[in-house]
Amino acid sequence: MSVEEAHSAIVNPKGIWWTPAGRTEKRWITIAFIWCMILFAMMPFWHLKGGQNPTGIRSKVEPQKFLERTEKFVADFKVGEEKGFPVVAPPPGSEIYMLARTYMWYPVLKLKKGVEYTLHLSSLDLNHGFSLYPVNLNFQIVPGYDYALKIVPNTSGDFRVICNEFCGVGHHMMVGKVLVEE
Ligand code: CUA
């Protein structure tokens, strides 16, 4: 065999250079394949049955437009102020807004327990993470997209909105507030 042949990917090497897969190898490939299919099927199954991936209503939105909607929402239903932030108490069943920006959540929401709202979330500048503490709720907040969720608060209390996506020097101070009344 010449040097060219030995180093070629096109010319077959001489002699027996491969053997068909043995019984044990075929068995393991079959097991691995079936397991892959089970995991694959679990994704849609868990989405529908797991109850942990809420289906949001997504739409594109210019950050400026979302800011205008939020400002209008604040002007319409503002009931007070807390540390310079408006406290907004929207009527039951309404569209409610929360805006993420470096490094704040705006405004403070005051909601009623057992009432449905459509919560719109978006960012003005960059990626933030909406994490409702101590409830285990987490959403990525992406600028340019309005992520709306149908929510029914089922616990009254004073909740914190914590940013869970690293967004800059003020990330750890990016804390918002949601109040739920009986
Ligand atoms: Cu916003 Cu981290």
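Whatever order the structure lists them in is the order used to number ligands and atoms, beginning at 1. Sequence positions, counted from 1, serve as the residue numbers for this chain.
Cluster membership check: Phe130 shares its hydrophobic cluster with Leu67, using side-chain heavy-atom separations under 4.5 Å among Ile, Leu, Val, Met, Phe, Trp and Tyr.
Other residues, nucleotides and ligands contribute at most 12 non-hydrogen atoms within 6.0 Å of the CE atom of Met173.
A donor-acceptor contact closer than 3.5 angstrom is absent between the side chains of Glu181 and Ser156.
Cys167 contributes SG and Cys163 contributes SG; the angle these two atoms make at atom 2 (Cu) of ligand 1 is 120°, rounded to 10°.
Inclusion of His171 in the first shell of atom 1 (Cu) of ligand 1 is not supported: no N, O or S atom falls under 2.8 Å. Not one N/O/S atom of Thr102, from backbone or side chain, sits under 2.8 Å from atom 1 (Cu) of ligand 1.
The minimum distance between atom 1 (Cu) of ligand 1 and any N, O or S atom of His128 involves atom ND1. Looking at Glu165 and atom 2 (Cu) of ligand 1 together, the shortest N, O or S contact belongs to O.
A salt bridge links Asp146 to Arg69: one of the charged nitrogens lies within less than 4.0 Å of a carboxylate oxygen.
Closest non-hydrogen pair, Pro90 versus Ser94, comes out as CB-OG, 3.4 Å.
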